[in-house]
Amino acid sequence: MIKNDDRKRTSSLDQLDGSEKASGGPQLSINNYVLPGVDEAESLVAKAISSLSLEERSQLLDDVHGVSKPIDEKPDFISSSLTAFGAAVESSKTPLYEMALVQNASYVEDRSLRLMFLRSENFKVDAAVSRLMMFLKQKAFYFGEEKLTKEITLNDFSAEDMRSLESGAIQVLPKKDRSGRSVIAVFPRLRKFKDPKNLLRATFFVEMCTFRDVEVQKKGAVCIIYNNNPNPLGSVPNNRKGIIPLTVQHRAAMPVRYAAFHTCLFERKAFAPAGIALSSRKQDYATSKVHYGNDKECMLELRRFGIPTECIPVTSDGIIDLQPHQEWVKRKKTELRIRLLSDIASLEAGVRRLREPTSKNDSTKVRSLIQDAGRSEPMTAPRFQTTFLKALHRAADLAPNSLIQPTLTDVLLGRGRWFQEFPGNIAFRTYLGGKTNEYDRADKEGKNVLAKSIVRSFNASGTKFLRLSAPANGIPTWEEASFREVSKKVTQCYRSVRRKEKKHTCRLVKK
């Protein structure tokens with residue numbers, strides 16, 4: 001970050017290369033970004049608006065007020081746009097796109113995904129393709145290349161990621177504005193993170209959940225940056241400045257279209273730091289409205305633009321109510337749990353079909369389906385149908401009087417084959433297998449940190465780690481294992497895998 005006032009300031013508009021200025025696409029350089037002063041920031045907004053044509057300005061103004069009409073997506077128009085998108089992709093492939101093709105070609109070639117990017121750029125094909133390539137880069141940066149073609153769920157979150165999500169720094173309001181657009185509210189003062197990526201992963205998840213809705217893609221969304229907290233310095237703390245360039249980069253990569261930005265501030269001197277996230281494109285400046293004043297005054301201004309202020313979780317005293325957001329997070333955890341149950345239900349269906357396969361090909365197809373669900377390990381049909389079903393019923397039989405009863409997604413701690421074949425344990429081992437390389441690379445302390453992170457990830461999805469207790473009265477019950485005990489089991493599991501691999505290697509050497 002350049003701090004010397006004698007050096008030439010580089011605004012976000014000046015950082016756009018020639019192709020960006022010509023196409024309006026998301027190409028962006030942020031390496032030398034300097035936080036502008038208040039006067040300069042307001043000048044940038046005026047400069048951006050004046051550089052637009054009268055027609056562009058009118059269109060963006062309609063977007064802000066929610067009176068613009070979505071593009072008429074006739075079948076012929078959609079077909080031609082997708083064809084042009086495919087042709088543009090062929091000439092713009094990046095190494096990460098090639099990697100995605102190898103991992104799962106159906107992901108990047110999916111019609112709905114490509115339409116999401118086209119809608120985010122109002123069907124400007126070159127800009128949409130450029131945004132897709134940047135999206136893959138950003139996704140790999142957040143979650144790793146191994147998850148490039150995977151739908152991101154709460155299972156992919158670390159404990160710090162969950163902390164950022166649950167902080168309420170970014171929320172989806174329960175009601176839409178008067179134009180039927182979703183409203184995403186950002187509360188900078190609630191930010192909690194150790195690394196800026198924690199907050200940006202949470203933002204990624206919230207935005208992808210919101211813009212998966214086709215109607216939201218067509219109409220766009222409204223973003224409210226509510227930073228109405230008196231800040232006498234009008235500055236960003238040093239430990240928060242690292243998030244500024246990453247936010248600009250994130251904004252340029254996500255397949256989302258914000259039709260309007262509303263920034264609520266206590267006073268004018270806070271404008272520059274709050275408005276920095278809007279600076280990835282000049283169109284964002286033109287669709288921005290800044291409101292100054294106390295909470296009541298800002299709410300009145302937002303109401304003029306059709307924002308459902310009764311859903312903004314800020315009291316008249318300026319206190320932010322986190323209960324609506326906590327309920328939203330809880331629903332997402334429930335949805336993930338239901339999805340896991342659905343995956344395991346598909347296994348049960350696979351078991352029934354494996355009992356009497358009509359042909360060898362049919363049996364192979366079912367086992368392939370089970371593998372794709374990511375909830376099992378390779379097994380022969382007879383072993384699968386006996387051990388899986390037996391484990392599923394026996395878990396409840398062991399402690400019928402227990403207040404806590406295992407569900408299909410819980411992990412049971414214990415010894416014996418039936419424990420190993422319990423559905424939740426199979427899912428858990430599959431997840432651990434995907435982290436093997438990361439675990440091997442870590443030092444002793446790093447291994448402990450990773451083990452704890454894995455346990456927190458499963459807890460976040462609603463999974464319980466249960467063990468049978470042996471009380472004095474002799475009646476067994478299921479109870480939740482301690483965090484320390486489960487973390488220790490994770491490290492033991494990895495050591496067990498290593499011992500098996502060592503034995504297998506020794507056998508091969510003897511042969």
Side-chain angles (χ1 to χ4, degrees), residues 107-108 110-120 131-132 134-136 138-143 147-158 160-177 180-187 190-193 197-226 247 250-261 277 308 311-313 322-343 457 460-462:
Y107 176 82
V108 288
D110 181 64
R111 183 177 186 273
S112 59
L113 180 75
R114 293 187 170 192
L115 278 175
M116 182 187 289
F117 280 91
L118 284 167
R119 289 172 180 138
S120 71
R131 187 174 285 270
L132 171 61
M134 292 184 69
F135 172 79
L136 293 174
Q138 203 70 8
K139 189 175 181 181
F141 173 66
Y142 290 157
F143 302 101
K147 295 179 182 175
L148 203 56
T149 59
K150 180 185 181 298
E151 181 184 345
I152 300 302
T153 68
L154 294 178
N155 265 349
D156 300 302
F157 274 28
S158 67
E160 286 301 323
D161 296 339
M162 281 302 304
R163 181 169 173 262
S164 292
L165 178 64
E166 293 173 342
S167 71
I170 178 168
Q171 309 180 20
V172 182
L173 298 191
K175 287 187 179 180
K176 297 183 178 181
D177 73 353
R181 301 178 298 192
S182 291
V183 182
I184 293 179
V186 178
F187 299 95
L190 294 181
R191 291 172 175 169
K192 293 180 181 178
F193 57 86
K197 285 200 291 186
N198 300 136
L199 181 62
L200 292 171
R201 288 189 192 106
T203 304
F204 180 100
F205 179 77
V206 171
E207 288 183 329
M208 292 304 288
C209 286
T210 304
F211 280 86
R212 200 170 286 124
D213 186 331
V214 174
E215 286 302 310
V216 178
Q217 296 173 25
K218 291 179 178 180
K219 295 180 178 180
V222 175
C223 180
I224 299 174
I225 302 175
Y226 203 92
T247 300
H250 174 95
R251 174 72 185 92
M254 294 300 292
V256 301
R257 184 175 70 85
Y258 287 107
F261 292 89
C311 294
I312 299 177
L322 291 178
Q323 183 178 355
H325 177 66
Q326 289 170 348
E327 291 176 354
W328 183 89
V329 174
K330 186 177 179 179
R331 285 198 300 273
K332 294 304 171 185
K333 290 180 179 180
T334 302
E335 289 173 8
L336 177 60
R337 191 178 181 85
I338 291 173
R339 182 180 299 182
L340 291 173
L341 289 171
S342 177
D343 286 343
S457 295
S461 70

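Here, residue 1 is the first one in the sequence, and each next residue gets the next number. Keep in mind that what you see is a predicted model, and the values were worked out from it rather than measured.
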**OP:** For the pair Arg212 and Glu151, find out whether any cationic side-chain nitrogen is under 4.0 Å from an anionic carboxylate oxygen.
**Re:**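 Salt bridge between Arg212 and Glu151, a charged N being under 4.0 Å from a carboxylate O: yes.
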
Subject >> Presence of salt bridge, Lys333 and Glu166, under 4.0 angstrom >> reply: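 Salt bridge flag = yes for Lys333 with Glu166.
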
Subject >> With Tyr142, the side chain to side chain donor-acceptor pair (under 3.5 Å) member among Lys197, His250, Arg201 >> reply: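 Of all the options given, the one that passes is His250.
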
To the nearest 0.5 angstrom, please state how far the [atom1] atom of [X] sits from the [atom2] atom of [Y].
{"X": "Ile225", "Y": "Ile184", "atom1": "CD1", "atom2": "CD1", "value": "11.5 Å"}
{"X": "Lys139", "Y": "Ile152", "atom1": "NZ", "atom2": "CD1", "value": "5.0 Å"}
{"X": "Asp213", "Y": "Lys218", "atom1": "CG", "atom2": "NZ", "value": "10.0 Å"}
{"X": "Gln323", "Y": "Lys330", "atom1": "CD", "atom2": "NZ", "value": "10.0 Å"}
{"X": "Arg163", "Y": "Lys192", "atom1": "CZ", "atom2": "NZ", "value": "6.0 Å"}
{"X": "Leu199", "Y": "Ile170", "atom1": "CG", "atom2": "CD1", "value": "7.5 Å"}

**OP:** Would you check if Pro313 and His325 make a side-chain contact, meaning some heavy-atom pair closer than 4.5 Å?
**Re:**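 Pro313 vs His325: side chains apart.
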
**OP:** Taking the side chain as every heavy atom from C-beta outward, state whether Thr203 and Met254 have any atom pair closer than 4.5 Å.
**Re:**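 They are not in contact (no side-chain heavy atoms under 4.5 Å apart), so the answer is no.
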
I need the minimum non-hydrogen distance between [X] and [Y], along with the two atoms involved.
{"X": "Ser167", "Y": "Leu322", "result": "O-CD2, 3.5 Å"}
{"X": "Val206", "Y": "Thr210", "result": "O-OG1, 2.8 Å"}
{"X": "Val108", "Y": "Arg114", "result": "O-NE, 3.0 Å"}
{"X": "Ile312", "Y": "Phe187", "result": "CG2-CZ, 4.4 Å"}
{"X": "Ala253", "Y": "Phe117", "result": "O-CE2, 4.1 Å"}
{"X": "Lys176", "Y": "Pro308", "result": "O-CG, 3.5 Å"}

**OP:** Kindly indicate, with the supporting measurements, whether the criterion side chain to side chain donor-acceptor pair (under 3.5 Å) is fulfilled by Asp110 and Ser112.
**Re:** CA-CA 6 Å; Asp110 181 64; Ser112 59; 2.2 Å; yes

Original post:
Where do Lys219 and Glu215 land on the side-chain contact (heavy atoms from CB on, under 4.5 Å) test, with the steps shown first?
Top reply: CA-CA 6 Å; Lys219 295 180 178 180; Glu215 286 302 310; 3.9 Å; yes

**OP:** For the pair Lys332 and Leu165, evaluate side-chain contact (heavy atoms from CB on, under 4.5 Å) and give the outcome as yes or no after the intermediate values.
**Re:** CA-CA 11 Å; Lys332 294 304 171 185; Leu165 178 64; over 6 Å; no

Original post:
Hey, would you say the Phe157 and Phe204 ring centroids sit under 6.0 Å apart?
Top reply: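 No.
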
**OP:** For the residue pair Phe261 and Tyr258, categorise the inter-ring angle as parallel (less than 30°), tilted (30 to 60°) or perpendicular (more than 60°).
**Re:**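 Rings of Phe261 and Tyr258: tilted, as their planes differ by 30° to 60°.
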
Original post:
Just checking, is any N or O donor in the side chain of Ser164 or Asp161 under 3.5 Å from an acceptor N or O on the other one?
Top reply: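 No, Asp161 and Ser164 have no side-chain donor paired with an acceptor closer than 3.5 Å.
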
Original post:
Is Glu160 reaching over with its side chain to a backbone N or O of Phe193, donor-acceptor style, under 3.5 angstrom?
Top reply: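 No: the side chain of Glu160 does not pair with the backbone of Phe193.
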
**OP:** Test Ser120 against Phe135 for side-chain contact (heavy atoms from CB on, under 4.5 Å), laying out the working first.
**Re:** CA-CA 12 Å; Ser120 71; Phe135 172 79; over 6 Å; no

